[in-house]
Asker: 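I have a structure I would like to understand better, so I am pasting it below and will then ask my questions one at a time.
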Amino acid sequence: MKLGYVFGEVAQGLKRNLSMVVSIILVTFLSLTFVGTAALLQLQIGQMKNFWYDRAQVAIYLCSTYSPAEACPQGEASADVKATIEAKLNDSTLKPYVEKYYFLNHDQAFSQFKKEFAGNTVTKYVTADQLNETFWVKLKNPSDGAIITQSFSGVAGVEEVRDQRSYLDQIFNVLNAASLAAIGIAVVMLFSAILLISTTIRQSAFSRRREIGIMRLVGASNFYIQLPFIIEGVFAAGVGSLLAGGAVVAIVQFFVQGYLATNLPFTNFIGISTALLLTPIIFGVGVLLAATASIVAIKRYLRA
Amino acid sequence: MISIENVSKTYRGSARPALDSVSLEIEKGDFVFLVGASGSGKSSLLRMMLREDIPSRGKIHVLGENLIGIPARKVPYFRRNIGMVFQDFRLLPNKTVFQNVAFCLEVIGKSPAFIEDAVPNVLRLVGLEEKRDRYPNELSGGEQQRVALARAIVNKPQLLLADEPTGNLDPATSLEIVNLLERISQAGTTIVMATHDRGIVDRLKRRVVVLKEGKIVSDERGVGYEKAEEAR
């Protein structure tokens, strides 16, 4: 096998089809960047789920003087109400599900509120008695929130029972939809990349039809005839895949770590190591698709 | 060397078969002319021998290979034992004489040392050693066909197929090519040449197989074109 010949042919083919090659590079670059972004989103969702679901608690908000009358006809929750709830949390039905719980009175709730909204002007208008007294319940298994919700909803003196996971699920649904959209776009673009590669290979083969004719005539092996075309397709898509890998790393480095992580300091974002892990996968996918498309295209051309 | 039994070929969309129950035996070292009008099946027959095409019916063996059953991946290796030239030369315009001949050795994986040795030898044989660095468009038709011949025989094939090799050449130049073919034949290569050049067939007095409408109508040794035509 003469590698010199093969690479000479590849270089010639790439030069002759430069505009097609550039478009293959761009299309694979963009489509794989979308694939990579979708993967990043999924990983981010996974990481946030781990982080937040662990911390998600169920809040039992007790009635305050500001509570709406239909939920709290008897006004501010009495000490009896608190004792009943505490007893219920400790009885044998609920105890196995509860890891721990704690109670915040108006002042404690207010100081926590001030901590969470530090620097926000809303802290100036809110007073301690506006904030509900709350039982915070941490469950052994965060997905058991419904048990607490059902046990305490409608109980006298309880304004509302809220599972924090329901907030999180909304966020995750949005992120999931975004990553599905990215995958959808990526699939369409990958499909056009495949068509583009096979068109380019056919065109390249057509412009070298004399050489191919002679090679078949004198008995060059099929592999030898096909190899330059396959390398041509793989090379172009490989460059696009590398760019896509670089783009994914850049997104994590500059957008996620550089922008999001500094502006949303309490969120656990994916790091550069995750992106570096994705890069070879993206490259592999690109090369594999291009090799398949090229092989099919050149085999079909040669059979025709 | 070549054994063809009852070979028929019908191309799609054509009612009349291109070849109709053709049987032919060609021995090692034979020099055979295939003659007949355009469309008589000469080229089809040559294509079958090179396994460019498969018969619709019948059996064909060339160089000991059953060309109907041969797996596709073995076809290239089978073709390495066959040289072929065409009416239109089929040289690569962007390669010199030397490169054109060297190309067909490179692509079957011959070493540079072998190529450096074999190509000048074959160019000497066809009388083009002086023009090894010329491009095809700088050569006359006869010279181009000699390059094509050099390319066909540089790998020392056992069988040389020629499809109207003199079809584009004037009589004097045609004669040069035929003289070359004779020399190649004398060196032991089997030659099958499709032609309708009466002058050459008459002059060489070799085996002449006449095809008409896909059938062999006569197969005579040592006669001219007219004789062969009459014999049917």
Side-chain angles (χ1 to χ4, degrees), chain A residues 1-18 20-21 198 200-235 291-292 294-304, chain B residues 46-47 49-53 62-63 65 70-86 88-95 99-115 118 136 147-148 150-163:
Chain A
M1 178 73 36
K2 299 277 185 315
L3 285 180
Y5 162 79
V6 171
F7 285 108
E9 288 295 296
V10 171
Q12 234 183 54
L14 291 173
K15 226 187 314 175
R16 202 159 13 192
N17 281 329
L18 193 61
M20 293 291 267
V21 169
S198 53
T200 307
I201 295 304
R202 272 210 308 274
Q203 189 178 316
S204 186
F206 184 75
S207 65
R208 271 178 274 172
R209 60 194 180 283
R210 287 167 185 272
E211 280 88 346
I212 292 175
I214 304 279
M215 284 195 266
R216 302 177 80 178
L217 182 69
V218 300
S221 67
N222 291 331
F223 179 70
Y224 193 86
I225 296 175
Q226 293 163 6
L227 191 61
F229 298 100
I230 297 167
I231 293 179
E232 196 178 316
V234 168
F235 174 82
T292 315
S294 310
I295 289 170
V296 171
I298 189 67
K299 278 199 191 294
R300 285 184 59 169
Y301 177 87
L302 290 177
R303 209 183 313 140
Chain B
L46 288 179
R47 284 168 57 80
M49 292 177 191
L50 193 62
R51 219 275 185 183
E52 276 277 317
D53 222 330
V62 175
L63 303 175
E65 289 283 358
I70 186 171
R73 73 193 143 74
K74 280 181 79 181
V75 170
Y77 302 94
F78 160 74
R79 287 192 186 143
R80 289 179 190 184
N81 298 308
I82 300 179
M84 178 132 194
V85 288
F86 301 90
D88 56 0
F89 320 135
R90 301 200 187 172
L91 301 177
L92 299 173
N94 56 344
K95 290 188 191 296
Q99 288 166 340
N100 260 287
V101 178
F103 179 73
C104 76
L105 293 175
E106 283 165 13
V107 300
I108 58 173
K110 296 289 185 190
S111 70
F114 179 90
I115 293 170
V147 178
R151 182 177 67 193
I153 62 172
V154 68
N155 197 30
K156 309 228 180 313
Q158 300 170 57
L159 173 63
L160 179 64
L161 305 175
D163 193 359

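Below, read A as the first sequence line, B as the second, and so on, with proteins coming before strands; counting in each chain starts at 1. Any value given below was found using the heavy atoms of this structure, including those in side chains, with hydrogens, waters and symmetry copies removed.
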Asker: Should Arg151(B) and Ile214(A) count as side-chain neighbours, where that means a heavy-atom distance under 4.5 Å?
Answerer: yes

Asker: Taking everything shown except Phe235(A) itself, do over 12 heavy atoms lie less than 6.0 Å from its CZ?
Answerer: no

Asker: Between Leu217(A) and Leu50(B), is any pair of side-chain heavy atoms under 4.5 Å apart?
Answerer: yes

Asker: Counting heavy-atom pairs closer than 4.5 Å to chain A, which one of Val107(B), Asn100(B), Leu91(B) comes out on top?
Answerer: Val107(B)

Asker: Give, as side chain, backbone, both or neither, the part of Ala152(B) having an atom under 4.5 angstrom from any heavy atom of chain A.
Answerer: neither

Asker: Using a 6.0 Å cut-off, check whether atom CZ of Arg16(A) has over 12 heavy atoms from anything other than its own residue.
Answerer: yes

Asker: For residues 74-82 of chain B, give me every residue with a non-hydrogen atom less than 4.5 Å from any non-hydrogen atom of chain A.
Answerer: Pro76(B), Tyr77(B), Arg79(B), Arg80(B)

Asker: Does a sphere of radius 6.0 Å around CZ in Arg209(A) hold more than 12 heavy atoms from other residues, nucleotides or ligands, not counting ones at 6.0 Å or beyond?
Answerer: yes

Asker: Any non-hydrogen side-chain atom of Met215(A) less than 4.5 Å from a side-chain atom of Phe103(B)?
Answerer: yes

Asker: Would you mind checking which part of Pro93(B) comes under 4.5 Å of any heavy atom in chain A, side chain (CB onward), backbone (N, CA, C, O), both or neither?
Answerer: side chain

Asker: Between Ile108(B) and Val218(A), what is the shortest heavy-atom contact and its length?
Answerer: CG2-O, 3.6 Å

Asker: Using non-hydrogen atoms and a 4.5 Å limit, figure out which bit of Asn94(B) sits close to chain A: side chain, backbone, both or neither.
Answerer: side chain

